[in-house]
Amino acid sequence: MTSFPKDFLWGGATAAYQFEGAWNEDGRGPAVRDFRTVGTPKKRRQVTYIDKDGHPGMMPAIRGLNLPDGARYAILDNCYYPNHIAVDFYHRYKEDIALLAELGFKVFRMSISWSRLFPKGDEELPNSKGIEFYREVFKELRKYKIEPLVTLWHFDTPVYLEEKYGGWNNRKTIQFFDHYAETCFKEFKGLVRYWITFNEINNAVGMLDMYGSDATDKAYQEAYNQLHYQFLASAHAVKKGHEIDKENVIGCMICGIPHYPLTCDPNDIIATRYRWEKGIFYSGDVQCKGEYPSFSKRLWNEHQVTVDITDQDLIDLKEGVVDMYTFSYYMSNIVTTHEIKDMVAGNIANGERNPYLDYSEWGWANDPKGLRYFLEVIYDRYHLPVMITENGLGAVDKMENDGTIHDDYRIQYMKNHILEMKKAIDHGVNLIGYTMWGCIDLISGGTGQMSKRYGVIYVDRDDEGNGTLNRFKKDSFYWYKKVIETNGENL
Ligand code: P53
């Protein structure tokens, strides 16, 4: 069997708002994600606000739901916001990066917090403390020959842009993002070469499409339009990034969920294909081919959507085609037009349960073959280098009295997925890297829990914010170190 290419980028991935903490330090402005409380798989995270009459309120954090008219994001006294301190990478990055170096990481995926550089989002000059922090982090990574892979937007739009301009509902936000992206390319030139523009960009529409979702046509209208503005912002960033440094490799990032039909009923087959188009190909095609796919009209008509597309936009999209396709992979889902008999009760995961797969405690299907399937479909469609920029198992870990953590379930999960990556490479896919999600335990994006852990490094902190924040190596740490050392041979 073919081995991994010799310069394969092994590593791990994080996102600023789930990892850095220091949410209001050194001039950082608040971002929309800072106003989410902690949840559980059954109880959704809440977004907290003060309404137009000055009363505190909260509502579930669901894509497509907006704050009540006139309300403003607010921190409430009786709520816990896990992202404020997160796991404190902001103050511990030296210790953390030393651990990543010990693992032998070739690449480390992290995101820049937009509001750390531009606290409001529409400023001309960036916050120098923010620039300084990221520069130090990148230098520290380079010291160990770890290549940073930097996401510009990981769901964390500055709140000021949201409240003053309506965020991504407003075309103006593109211009603020353009300025932010250009600032990053200039300030971090020579330190960063690998970039991702928007994390899981396809979720804008994808998250509205869950079973039982009662998303309205208005929500779809907003989502498709927001997506268009983000496509443009991404395309501008790609073009500018290449102009500033031709060494830059800039990718899209897609939430990669393969969909399977439940039955061979042609209705199920077609529904499955349409689900791929809506959820996966729509965004990938725009970012990798630089134009809207032929099926776009059908998707827009489905919800009476009119997207605000100008002639210049079409040129911009063409000029901002990405260099690589990156995606997250956690699970597959099932599509059916028939009655659902056995519903998966997970957050995000949804639809009929797949009897051939087992499920995580959060209801996510464990499907290593689905990763190969996805890789092969995507590479065949775009012929661009592909990178898996998130993958892993969210699970409850138990620390023994001697500080060890025996997470063999995580080792199994990663091993099985890496074996399928190997097969995909063998089948011709140009897979260039793998960054497992949450290499150092961090706050779950979906539930806000600390107890949904992905890391090979354990962080002592619980769902209420207690704990020393000290780091411990799990069994998977030693295992992954060996995988990297042997370039994927010793699994
Ligand atoms: P948590 C949807 C489906 C799959 C992954 O998720 C998703 C989403 C959108 O939330 O998110 C990505 O922490 C995301 C990360 C997140 C990770 O998956 O809910 O890019 O920020 O932490 C894992 O278990």
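Ligands are counted one by one from 1 in listed order, and the atoms in each one are counted from 1 as well. Keep in mind it's a predicted model, so treat the numbers as computed, not measured.
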Determine whether the aromatic ring centres of [X] and [Y] lie less than 6.0 Å apart.
| X | Y | value |
| --- | --- | --- |
| Trp195 | Phe185 | yes |
| Trp168 | Phe198 | yes |
| Trp276 | Phe374 | yes |
| Tyr49 | Phe35 | no |

Do you know the tightest heavy-atom contact between Ser111 and Ala16?
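Smallest interatomic distance, heavy atoms only, reads OG-N, 2.7 Å.
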Regarding atom 6 (O) of ligand 1: of the candidates Tyr330, Trp364, Trp437, which has the closest heavy atom?
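Ranked by closest heavy atom to atom 6 (O) of ligand 1, first place is Trp364.
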Can you tell me if [X] has a non-hydrogen atom under 4.0 Å from ligand 1?
| X | answer |
| --- | --- |
| Cys255 | yes |
| His154 | yes |
| Trp362 | no |

Region of Asn199 that comes within reach of ligand 1 [heavy atoms, distance under 4.0 Å]:
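Asn199 to ligand 1: side-chain contact only, backbone stays beyond 4.0 Å.
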At under 4.0 Å between heavy atoms, is it the side chain or the backbone of Ser444 that contacts ligand 1, or both, or neither?
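Both backbone and side chain of Ser444 come within 4.0 Å of ligand 1.
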Hey, is ligand 1 close enough to [X] that some N/O pair sits below 3.5 Å?
| X | result |
| --- | --- |
| Asn203 | no |
| Gly446 | yes |
| Ser328 | no |
| Gly445 | yes |

For Tyr81 and Thr48, does a side-chain donor sit closer than 3.5 Å to a side-chain acceptor?
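Yes, because at least one side-chain N or O of Tyr81 sits under 3.5 Å from a partner of the opposite role on Thr48.
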In terms of side-chain geometry, is the basic nitrogen of Arg33 or Asp156 positioned less than 4.0 Å from the acidic oxygen of its partner?
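No, Arg33 and Asp156 are not salt-bridged.
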Using 4.0 Å as the upper bound for N to carboxylate O, is an ion pair formed by Arg471 and Asp96?
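Counted as a salt bridge, because a side-chain N and a carboxylate O are separated by less than 4.0 Å.
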Proximal ligand 1 atoms for [X], defined as those under 4.0 Å from one of its heavy atoms:
| X | value |
| --- | --- |
| Lys452 | 1 (P), 19 (O), 24 (O) |
| Met207 | 2 (C) |
| Gln18 | 15 (C), 16 (C), 21 (O), 22 (O) |

Does NZ or CZ of Arg28 come closer than 6.0 Å to the centre of the six-membered ring of Tyr17, within 45° of the ring's axis?
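Negative - Arg28 is either too far from the ring of Tyr17 or too far off its axis.
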